[in-house]
Amino acid sequence: MVLVVAGVVTVVLGALAAGAVDALSLNRYEAPGSQSIAARAELAERFGTGSPNVALLVTATDGTVDDADVDAAGAALTEELSRHPGVGDVWSYWSAGAPATLASEDRRHGMVLAWVPGDADHVRSDVLPDLEQDVVAPADGGPVDVRLGGGDEVFRVVAEQARTDFLRAELVIVPLVGVLLWVVYRRLAPALLTLAVAVFSVIGTLGILRVVASFTEISTFAANIALVMGIGLGVDYCLFVTYRYREELAAGMAVGAAVRRAVSQAGRTVAFSGATVAASLAVLFVFPFPFLSSFAYAGIAVVLTAVAGAVVVLPAGLRLLGHRAARRHAAPPVDGGFWFRVATGVMRRPVASGGAALLLLVLLGAPALGVTFGAPDDRVLPASQPVRAMYDTVREEFTTEDADVVHVVAPALEPSDPAVAEHAARLSAVEGVERVDSAAGAFVDGARVAEAGPGGPDRYAADDGGTGTWFAVLPTGQRLAADPTGLVEDVRALPSPAGDVLVGGYPAELADYRDGVVERLPLVGALIVLVTFLVLFLMTGSVVAPLKASALNLLSLTVMFGVLVWGFQDGGLAGVLGFTATGTIEPSIPLLMFCIAYGLSMDYEVFLLARIKADYDRTGDVVGSVPRGIARSAPLVTAAALILATSFAVYATSDVTFLQQLGIGMALAVLVDATVIRGVLLPATMRLAGPLNWWAPGPLRRLHARIGLREGDDRPARATVAGTSHRDEVITHA
C-alpha cells in the first residue's frame, strides 16, 4: 500500500515537475532596496530610459560604418528597433549627436543600444525572440551583418545552456549512479530500489519548486541543484538505512523486525542529517536576492523528499525484497577491514597523522587567500556561442562599451541649471571616465566637447516636465575591467549638485549586489555554525563534538575554495575545461557552494558520529568506539561520497562556467571530506580529545537527557574493564 501511494504521489509530482523548468525565472544580479535599483526606477518612471539591456553589433560587410549604404542601413535598423513592441528607448552610432565610442576603432563595427523595460523573464520570453526574428534577421545579409547581444541576451543563452546541461546530466547521472549502486550492493534489486527513491526525490523537488515558483522567483539554476542533490541525498540516506537493515538481517533478525529496527535507529540519523543539510541551505534566506533564496527552497525541498523516500518508501521496498536485499557475501568483522586499520593507525600517532593531513589541506587551500570577487559577463559562456563571439569583438575593437554606463540621477536638479554643466565636468574628471553625457552637453576630462549628448537636451529632462535630470557616465574599458566597484564609489563620493543623487547603471547594480552578498557573509557563517551545532548537540549531547565538526568542515572547504581560485579565477583549469578565466569569481557561486558543501560535510559527520556515539553509549570505551564506529560507517560514507562526487563531476562538462565551478569544487570537497577529514583528521582529533569528545556542562547534559535524540542501540550495555569493550558478550546476553 505504501508503494502504491508513493507511485500515485510520484505521478502527481511528475506532472508538476514536467513544467518546472519553464516556470523557473531568469534572475538578474540586483540588490532589492539598493541605491542602484532606486536609480533604475527613477530613470524608467520619469525619463523613459534605463541601462541598455539589448545591443546590436552592426558590421559593415564592405567598407566602414560611415559609408552611405551602411549609414542608411544602420539608421533604418535603429528606427525599426525603436518601433518594435516592448522597446522603450533606442540610440546608436547613427543617432543625432552620437559619440564616436559607439563605433569601433577600425570603423567596421557600430553599436545599436536599446532599453527594454520589464523583468528578465519578460525580456527573454516576450521581446528577444520576436526582436531576433523581426528586426535582426531581416537586416542581416545586406550591406551589414547584425548580431544580437545585451545583458539579458547573455542571461537568456546561459539559462538555455543550463537547461541543456540539466537534460544531459539526467541522461548521464541516472544510469551512472545505477551502475555504481550495483557495484556497492552487489545486488540489482536494492540498487534499483535506491535509485528509484533518488529519482523520486528529484521529481518531488522539481514539483515543489514548480508550486513555489507561482509565489516567488526561483532561478533556473535551481533545477541543476535539484538534480544532483536529489540523487546524492536520496542515495546517501537509502545507503545508510539499507546498510543498517543488512546488519540486522546478518544478526539473525526476521525481515519485518530488521526493517523496523533499521528505520527506528538509522532513520533517526537520516532525520538529523536532513535537518543539518536543510539548515545549512536555509541560511540563504538571509540574502534578499531571488537568485540565492532559490537554492534555499531547492535545498529544503530536496531534504524533505529524500528523507521521506528513505524512511517511508524505502522500508516498504525492503520489506517486499526481504533477503534479496541482503549481502551476497558475509560482512567484514567490525574489528577488521581497511577503515578500521586506518583509524587504528591514525589513533596510534594522532599528532603526526593529523598534522600531515592538516598541512596537506592548508597547502591545497592556500590559493583561496588571493580570491578576487568580480562581476560575471558573457565569458561564462564558451567562445563558440554567438553572443560570446559578439562581445569578444566588442572587447577587441571598441575603446569602451556604452552599455556599461553609470547613471547619475538628480531628481531635484533642473536640466537648465548651470550646476548641470559643473557636475558633468566633475564627473568627467573622475579617473577612468571616458565621457559624460548630460543636458548641458558631452564632457571629457572636465571640458565640454559637444553641445548636447545623444538625443539632445530633452533626453535628460523628465518626461512629465517636472524637475530632475540625469547624467550618463561612460567608463573606460580599462577602469571597468580593473576596478568597477571603485569607479562606482568614486562617482558616489562626489558632492551632490542639488539634493540627493542616485547612482545606478549596470556597474552600480553589480557593485551593490556584490556588497550585499559580502557584507552578509559573516552572518551566514555564524548562522550555519550555530544551527548545525544545535542539531549535533541534540544528537550527541556534547558541546565539543559539534565545534570540532565545524572546524573540520571549514578545513575541507578551504580546499574547495583554493581550487576555485587557482583553477577558475587564475585559469589553472582553463585549458582542461575550455573556459575563459577573467581574474575574478562571482561571489554568489562560492557562497552557494559553501552552504551545500557544509551541509553535506555535516551529513557524513552525522553518519560517523551516530555510530561512534552508539558504540560509546553501549560500551563506555572512549578509544575503541572510534575505529569500530568508523569501520561500521566509513564504507557507506565512501560509497555515498563516490556517487555524489560523480554526480557533481558531470557538470564539469557544462558549457557554463558557473556549473563547471559547482561540479569540480563540490566533487573535490566531497571526496576530501570523506577521505582526509573523516579517515584521518576525525580519528586523530577524537583520540586527542579523549573523554572530552562527549563532554557538556551539567545543565546541558540534563537538557539533552530530556530532549536529545540519538541513533542509540537499545541492547543492554555493560561496564567496560580497562577501556576494553565486550561487544560479543553484550550481543550474546541480548
Side-chain angles (χ1 to χ4, degrees), residues 24-34 36-37 119-120 151-152 154-155 158-159 161-162 165 209 216-226 228-229 280-300 368 371-381 484-485 488 506-525 527-528 557 560-561 563-565 567-569 579 581-599 648 651 654 656-666 669:
L24 302 184
S25 300
L26 184 62
N27 304 122
R28 291 170 175 156
Y29 289 94
E30 54 190 30
S34 64
S36 58
I37 299 302
D119 60 28
D152 284 339
V154 172
F155 288 139
V158 168
Q161 188 60 55
D165 291 336
L209 290 180
T216 186
E217 290 185 29
I218 301 295
S219 171
T220 54
F221 287 100
N224 301 88
I225 296 298
V228 70
M229 287 194 66
S280 297
L281 285 165
V283 300
L284 290 172
F285 284 128
V286 168
F287 298 95
F289 312 135
F291 179 74
L292 289 175
S293 61
S294 298
F295 302 111
Y297 288 114
I300 293 172
V371 64
T372 301
F373 293 121
D377 57 28
D378 57 282
R379 286 171 289 184
V380 301
L381 294 168
T485 301
V488 174
Y506 189 59
E509 290 176 6
L510 290 176
D512 288 344
Y513 180 84
R514 194 197 73 167
D515 291 344
V517 170
V518 173
E519 72 183 11
R520 289 173 173 83
L521 288 180
L523 176 60
V524 168
L527 284 176
I528 285 183
L557 297 185
M560 180 182 72
F561 291 133
V563 169
L564 279 183
V565 172
F568 290 91
Q569 175 182 300
F579 64 88
T582 62
T584 62
I585 292 180
E586 197 281 311
S588 299
I589 302 303
L591 173 61
L592 171 63
M593 294 170 64
F594 170 79
C595 293
I596 295 175
Y598 192 93
F648 274 114
Y651 280 122
S654 171
V656 179
T657 306
F658 293 156
L659 292 177
Q660 290 179 324
Q661 291 174 352
L662 183 70
I664 293 295
M666 290 303 306

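Just so it is clear, the values below take in all heavy atoms, side chains as well, and ignore hydrogens, waters and symmetry mates.
- For the side chain to side chain contact (heavy atoms under 4.5 Å, CB included) with Phe221, the qualifying choice from Asp165, Ile589, Val158 is Val158, the only one to do so.
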task: Run the numbers on Val228 and Met666 for side chain to side chain contact (heavy atoms under 4.5 Å, CB included), then give the verdict.
output: CA-CA 11 Å; Val228 70; Met666 290 303 306; over 6 Å; no
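- A distance of 11.0 Å separates CZ of Phe648 from CG of Asn224, quoted to the nearest 0.5 Å.
- A pairwise comparison of heavy atoms in Thr584 and Gln569 identifies N-CG, 3.8 Å as the closest pair.
- With values rounded to the nearest 0.5 angstrom, Thr657 atom OG1 is found 10.5 Å from Gln161 atom CD.
- Scanning both residues, Cys595 and Val283, for their nearest heavy atoms gives SG-CG2, 3.9 Å.
- Judged by distance alone, the side chains of Tyr513 and Ser588 do bring a donor and an acceptor atom under 3.5 Å apart.
- Atoms CD1 and CZ, on Ile585 and Phe561 in that order, are 9.5 Å from each other to the nearest 0.5 Å.
- Residues Phe373 and Arg514 share a closest heavy-atom pair of O-NH1, 3.4 Å.
- Here the CG atom belonging to Leu592 is positioned 5.0 Å from the CZ atom belonging to Phe295, to the nearest 0.5 angstrom.
- Taking 4.5 Å as the limit, some side-chain heavy atom of Phe594 sits within range of a side-chain heavy atom of Ile528.
- Between Leu564 and Pro590, some side-chain heavy-atom pair lies under the 4.5 Å cut-off.
- In terms of heavy-atom proximity, Glu509 sits nearest to Ser36 at CA-OG, 3.5 Å.
- Of all heavy-atom pairs spanning Phe289 and Pro32, the tightest one is CD2-CD, 3.7 Å.
- Residues Phe568 and Ile664 form a side-chain contact, since some pair of their non-hydrogen atoms from C-beta on lies under 4.5 Å apart.
- Here Ile225 contributes atom CD1 and Met593 contributes atom CE; the two are 9.5 Å apart, rounded to the nearest 0.5 Å.
- Using a 4.5 Å heavy-atom cutoff, the side chains of Glu586 and Val380 are not in contact.
- With rounding to the nearest 0.5 angstrom, the CZ atom of Arg520 is 11.0 Å from the CG atom of Leu591.
- Scanning all heavy atoms of the two residues, the minimum distance from Ser280 to Gly599 falls at OG-CA, 3.4 Å.
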